[in-house]
Amino acid sequence: DQQVKQNSPSLSVQEGRISILNCDYTNSMFDYFLWYKKYPAEGPTFLISISSIKDKNEDGRFTVFLNKSAKHLSLHIVPSQPGDSAVYFCAAATFSNYKLTFGKGTLLTVNP
Amino acid sequence: ETGVTQSPTHLIKTRGQQVTLRCSSQSGHNTVSWYQQALGQGPQFIFQYYREEENGRGNFPPRFSGLQFPNYSSELNVNALELDDSALYLCASSLGASGVNTEAFFGQGTRLTVV
(Lines give C-alpha, C1' and ligand atoms only; values in the text may rest on other atoms or scores of the structure.)
Protein backbone atom coordinates (compact mmCIF):
# COMPACT_ATOMS: atom_id res chain seq x y z
CA ASP A 1 0.00 0.00 0.00
CA GLN A 2 1.86 3.04 -1.29
CA GLN A 3 0.93 6.14 0.67
CA VAL A 4 2.98 8.49 -1.54
CA LYS A 5 2.76 8.06 -5.28
CA GLN A 6 4.73 9.58 -8.11
CA ASN A 7 2.96 8.24 -11.16
CA SER A 8 5.42 9.53 -13.76
CA PRO A 9 8.65 7.50 -13.72
CA SER A 10 10.28 9.99 -16.07
CA LEU A 11 9.91 13.48 -17.54
CA SER A 12 11.86 15.18 -20.30
CA VAL A 13 11.84 18.96 -20.86
CA GLN A 14 13.81 21.52 -22.84
CA GLU A 15 16.22 23.86 -21.14
CA GLY A 16 14.51 27.11 -20.19
CA ARG A 17 11.04 25.57 -20.03
CA ILE A 18 9.02 24.70 -16.94
CA SER A 19 9.32 21.27 -15.31
CA ILE A 20 6.31 20.09 -13.33
CA LEU A 21 6.68 17.03 -11.14
CA ASN A 22 3.61 15.60 -9.49
CA CYS A 23 2.96 13.66 -6.31
CA ASP A 24 -0.20 12.22 -4.74
CA TYR A 25 -0.69 10.94 -1.22
CA THR A 26 -3.39 8.92 0.48
CA ASN A 27 -2.73 9.42 4.19
CA SER A 28 -4.60 12.49 5.44
CA MET A 29 -2.45 12.50 8.60
CA PHE A 30 0.53 13.79 6.63
CA ASP A 31 1.14 17.45 7.42
CA TYR A 32 4.60 18.08 6.09
CA PHE A 33 5.87 17.48 2.57
CA LEU A 34 9.34 17.61 1.11
CA TRP A 35 11.07 17.28 -2.22
CA TYR A 36 14.50 15.72 -2.56
CA LYS A 37 16.79 15.55 -5.58
CA LYS A 38 19.12 12.63 -6.10
CA TYR A 39 22.08 12.29 -8.44
CA PRO A 40 23.58 8.85 -9.15
CA ALA A 41 25.99 7.64 -6.45
CA GLU A 42 24.87 10.38 -4.06
CA GLY A 43 22.34 10.56 -1.26
CA PRO A 44 19.12 12.56 -1.68
CA THR A 45 19.54 16.32 -1.28
CA PHE A 46 16.81 18.37 0.36
CA LEU A 47 15.26 20.83 -2.07
CA ILE A 48 12.14 22.44 -0.65
CA SER A 49 9.34 21.71 1.82
CA ILE A 50 5.82 22.81 2.63
CA SER A 51 3.62 22.40 5.66
CA SER A 52 -0.05 21.63 5.39
CA ILE A 53 -1.06 25.10 6.58
CA LYS A 54 0.30 26.58 3.35
CA ASP A 55 -0.61 26.01 -0.27
CA LYS A 56 2.55 27.39 -1.86
CA ASN A 57 6.22 27.76 -1.01
CA GLU A 58 8.87 29.33 -3.23
CA ASP A 59 12.64 29.15 -3.19
CA GLY A 60 14.32 30.66 -6.21
CA ARG A 61 13.51 28.61 -9.29
CA PHE A 62 11.62 26.03 -7.23
CA THR A 63 8.00 26.31 -6.15
CA VAL A 64 5.94 23.65 -4.40
CA PHE A 65 2.15 23.74 -4.53
CA LEU A 66 -0.05 21.78 -2.13
CA ASN A 67 -3.71 20.95 -2.76
CA LYS A 68 -4.88 19.31 0.46
CA SER A 69 -8.40 18.57 -0.73
CA ALA A 70 -7.00 16.65 -3.70
CA LYS A 71 -4.11 15.21 -1.66
CA HIS A 72 -1.79 16.39 -4.39
CA LEU A 73 1.41 18.36 -4.53
CA SER A 74 3.59 19.49 -7.37
CA LEU A 75 7.09 20.87 -7.81
CA HIS A 76 7.63 23.53 -10.46
CA ILE A 77 11.11 24.33 -11.72
CA VAL A 78 11.37 27.50 -13.79
CA PRO A 79 13.48 27.86 -15.84
CA SER A 80 14.76 24.31 -16.08
CA GLN A 81 18.51 23.83 -16.47
CA PRO A 82 20.52 20.80 -17.60
CA GLY A 83 22.01 20.56 -14.08
CA ASP A 84 18.50 19.89 -12.78
CA SER A 85 18.60 16.47 -14.44
CA ALA A 86 18.22 14.01 -11.55
CA VAL A 87 15.71 11.78 -9.80
CA TYR A 88 13.21 13.78 -7.76
CA PHE A 89 11.57 12.21 -4.72
CA CYS A 90 8.46 13.44 -3.02
CA ALA A 91 8.29 12.64 0.70
CA ALA A 92 5.70 13.14 3.42
CA ALA A 93 5.74 13.12 7.21
CA THR A 94 3.72 14.09 10.24
CA PHE A 95 4.86 16.76 12.67
CA SER A 96 4.69 14.31 15.55
CA ASN A 97 6.85 11.61 14.02
CA TYR A 98 9.51 12.55 11.52
CA LYS A 99 9.52 9.34 9.57
CA LEU A 100 9.67 10.18 5.88
CA THR A 101 7.48 8.22 3.49
CA PHE A 102 8.86 8.50 -0.03
CA GLY A 103 7.42 8.06 -3.48
CA LYS A 104 9.29 5.99 -6.09
CA GLY A 105 10.77 9.05 -7.74
CA THR A 106 10.63 10.75 -11.13
CA LEU A 107 13.66 10.94 -13.39
CA LEU A 108 13.86 14.46 -14.83
CA THR A 109 15.95 15.03 -17.92
CA VAL A 110 16.53 18.60 -19.05
CA ASN A 111 17.80 18.73 -22.62
CA PRO A 112 20.08 21.58 -23.74
CA GLU B 1 27.84 18.52 0.91
CA THR B 2 25.67 17.65 3.90
CA GLY B 3 28.25 16.70 6.52
CA VAL B 4 26.64 13.27 6.91
CA THR B 5 29.16 10.55 6.16
CA GLN B 6 28.58 6.84 5.77
CA SER B 7 31.00 3.95 5.68
CA PRO B 8 31.74 1.84 3.83
CA THR B 9 30.50 3.12 0.46
CA HIS B 10 30.28 -0.36 -1.04
CA LEU B 11 30.09 -3.80 0.50
CA ILE B 12 29.64 -7.36 -0.74
CA LYS B 13 28.46 -10.01 1.72
CA THR B 14 27.37 -13.62 1.51
CA ARG B 15 23.87 -14.75 2.38
CA GLY B 16 23.62 -15.61 6.10
CA GLN B 17 26.41 -13.25 7.13
CA GLN B 18 26.07 -10.19 9.35
CA VAL B 19 26.89 -6.61 8.40
CA THR B 20 27.43 -3.31 10.24
CA LEU B 21 27.00 0.02 8.48
CA ARG B 22 28.12 3.28 10.04
CA CYS B 23 26.93 6.87 9.91
CA SER B 24 28.32 10.12 11.29
CA SER B 25 25.61 12.70 11.62
CA GLN B 26 25.89 16.37 10.77
CA SER B 27 27.34 18.51 13.53
CA GLY B 28 24.63 19.66 15.94
CA HIS B 29 22.11 17.03 14.84
CA ASN B 30 20.74 14.66 17.48
CA THR B 31 18.51 12.43 15.34
CA VAL B 32 19.54 9.73 12.90
CA SER B 33 17.21 7.79 10.62
CA TRP B 34 18.05 4.83 8.40
CA TYR B 35 16.43 4.05 5.08
CA GLN B 36 16.69 1.19 2.61
CA GLN B 37 16.43 2.01 -1.08
CA ALA B 38 15.94 -1.00 -3.33
CA LEU B 39 16.49 -0.67 -7.06
CA GLY B 40 13.74 1.38 -8.72
CA GLN B 41 12.09 2.23 -5.41
CA GLY B 42 12.02 5.20 -3.09
CA PRO B 43 13.82 5.01 0.25
CA GLN B 44 11.93 3.04 2.89
CA PHE B 45 12.13 3.96 6.57
CA ILE B 46 13.88 1.35 8.74
CA PHE B 47 14.12 3.13 12.10
CA GLN B 48 15.05 6.36 13.81
CA TYR B 49 17.23 7.14 16.82
CA TYR B 50 16.74 10.26 18.89
CA ARG B 51 19.22 10.97 21.69
CA GLU B 52 20.37 7.32 21.73
CA GLU B 53 16.87 5.83 21.96
CA GLU B 54 14.94 4.12 19.16
CA ASN B 55 12.16 6.52 18.24
CA GLY B 56 10.11 4.68 15.67
CA ARG B 57 10.51 1.70 13.41
CA GLY B 58 9.31 0.81 9.96
CA ASN B 59 8.16 -2.54 8.64
CA PHE B 60 11.48 -4.35 8.95
CA PRO B 61 12.19 -7.60 10.81
CA PRO B 62 14.12 -7.69 14.12
CA ARG B 63 17.29 -8.83 12.36
CA PHE B 64 17.62 -5.15 11.43
CA SER B 65 18.89 -3.39 14.54
CA GLY B 66 20.68 -0.19 15.35
CA LEU B 67 22.54 1.91 17.85
CA GLN B 68 23.14 5.58 18.41
CA PHE B 69 26.18 6.74 20.36
CA PRO B 70 26.61 9.73 22.69
CA ASN B 71 28.18 11.71 19.85
CA TYR B 72 24.99 10.94 17.84
CA SER B 73 26.76 8.77 15.29
CA SER B 74 24.92 5.57 14.50
CA GLU B 75 25.23 1.98 13.34
CA LEU B 76 22.84 -0.22 11.40
CA ASN B 77 23.30 -3.97 11.93
CA VAL B 78 21.71 -6.62 9.76
CA ASN B 79 21.93 -10.28 10.79
CA ALA B 80 21.31 -13.38 8.68
CA LEU B 81 21.59 -11.49 5.41
CA GLU B 82 19.19 -12.40 2.62
CA LEU B 83 19.52 -11.73 -1.09
CA ASP B 84 16.66 -9.20 -0.88
CA ASP B 85 18.71 -7.11 1.56
CA SER B 86 20.78 -5.96 -1.42
CA ALA B 87 20.07 -2.24 -1.60
CA LEU B 88 21.40 1.25 -0.99
CA TYR B 89 21.29 2.04 2.73
CA LEU B 90 20.88 5.71 3.53
CA CYS B 91 21.47 7.48 6.78
CA ALA B 92 19.83 10.84 7.44
CA SER B 93 20.46 13.23 10.28
CA SER B 94 18.21 16.00 11.54
CA LEU B 95 17.88 18.34 14.46
CA GLY B 96 14.98 16.89 16.37
CA ALA B 97 12.61 14.02 15.68
CA SER B 98 9.48 16.04 15.05
CA GLY B 99 8.18 19.44 14.16
CA VAL B 100 8.64 21.86 11.31
CA ASN B 101 11.96 22.65 9.74
CA THR B 102 13.53 19.38 10.77
CA GLU B 103 14.67 18.56 7.28
CA ALA B 104 16.69 15.39 7.09
CA PHE B 105 20.11 15.58 5.47
CA PHE B 106 21.29 12.37 3.85
CA GLY B 107 24.67 10.75 3.49
CA GLN B 108 25.84 9.29 0.20
CA GLY B 109 24.72 5.81 1.17
CA THR B 110 26.25 2.36 1.46
CA ARG B 111 25.64 0.04 -1.46
CA LEU B 112 25.20 -3.48 -0.01
CA THR B 113 25.24 -6.49 -2.31
CA VAL B 114 24.34 -9.89 -0.89
CA VAL B 115 25.44 -12.87 -2.97
Side-chain angles (χ1 to χ4, degrees), chain A residues 1-10 21-27 29-54 57 59 62 64 66 86-107, chain B residues 1-10 21 23-26 29-51 54-60 87-111:
Chain A
D1 174 30
Q2 226 184 330
Q3 297 186 61
V4 177
K5 299 179 185 179
Q6 294 177 257
N7 291 320
S8 299
S10 63
L21 297 105
N22 294 303
C23 177
D24 297 293
Y25 62 96
T26 58
N27 187 343
M29 298 299 290
F30 289 141
D31 45 23
Y32 194 49
F33 304 90
L34 308 91
W35 285 93
Y36 282 84
K37 178 170 74 172
K38 187 179 185 301
Y39 294 117
E42 293 184 13
T45 302
F46 170 73
L47 205 52
I48 192 168
S49 63
I50 189 167
S51 72
S52 58
I53 61 173
K54 294 186 174 182
N57 188 27
D59 184 1
F62 302 92
V64 57
L66 174 62
V87 176
Y88 287 78
F89 289 102
C90 170
T94 66
F95 286 144
S96 60
N97 179 357
Y98 201 70
K99 154 197 156 182
L100 293 175
T101 301
F102 283 87
K104 289 189 177 182
T106 297
L107 174 63
Chain B
E1 201 168 295
T2 63
V4 180
T5 57
Q6 292 185 242
S7 61
T9 54
H10 295 83
L21 310 182
C23 172
S24 294
S25 57
Q26 184 162 310
H29 284 184
N30 55 16
T31 304
V32 172
S33 303
W34 287 92
Y35 292 82
Q36 180 196 67
Q37 187 182 7
L39 203 59
Q41 304 293 317
Q44 290 215 356
F45 177 76
I46 303 175
F47 44 57
Q48 181 185 84
Y49 280 84
Y50 172 63
R51 294 183 174 179
E54 188 178 289
N55 183 49
R57 188 178 182 92
N59 191 24
F60 281 82
L88 179 68
Y89 287 84
L90 294 162
C91 162
S93 78
S94 58
L95 178 58
S98 62
V100 188
N101 297 327
T102 53
E103 289 82 16
F105 295 89
F106 285 83
Q108 83 282 10
T110 293
R111 172 72 61 188

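Side chains are part of it too, since the values below use all heavy atoms of this structure and drop only hydrogens, waters and symmetry mates. Lettering of chains follows the sequences in order, A, B, ..., and the numbering in each one begins at 1. Just so it is clear, the structure is predicted and the values come from calculations on it, not from any experiment.
- The shortest distance between side-chain heavy atoms of A:Leu100 and B:Ser33 does not fall below 4.5 Å.
- For chain A, the option among B:Gly56, B:Ala92, B:Pro43, B:Gly109 with the highest count of heavy-atom pairs below 4.5 Å is B:Pro43.
- The distance from atom NZ of A:Lys104 to atom CD of B:Gln41, rounded to the nearest 0.5 Å, is 4.5 Å.
- A distance-only check finds no donor-acceptor pair linking the side chain of B:Tyr35 to the backbone of A:Phe102 [under 3.5 Å].
- For B:Gln44, the CD atom sits in a loose shell: 12 or fewer heavy atoms of surrounding residues, nucleotides or ligands are nearer than 6.0 Å.
- Across all their heavy atoms, B:Gln37 and A:Phe89 have their closest contact at NE2-CZ, 3.3 Å.
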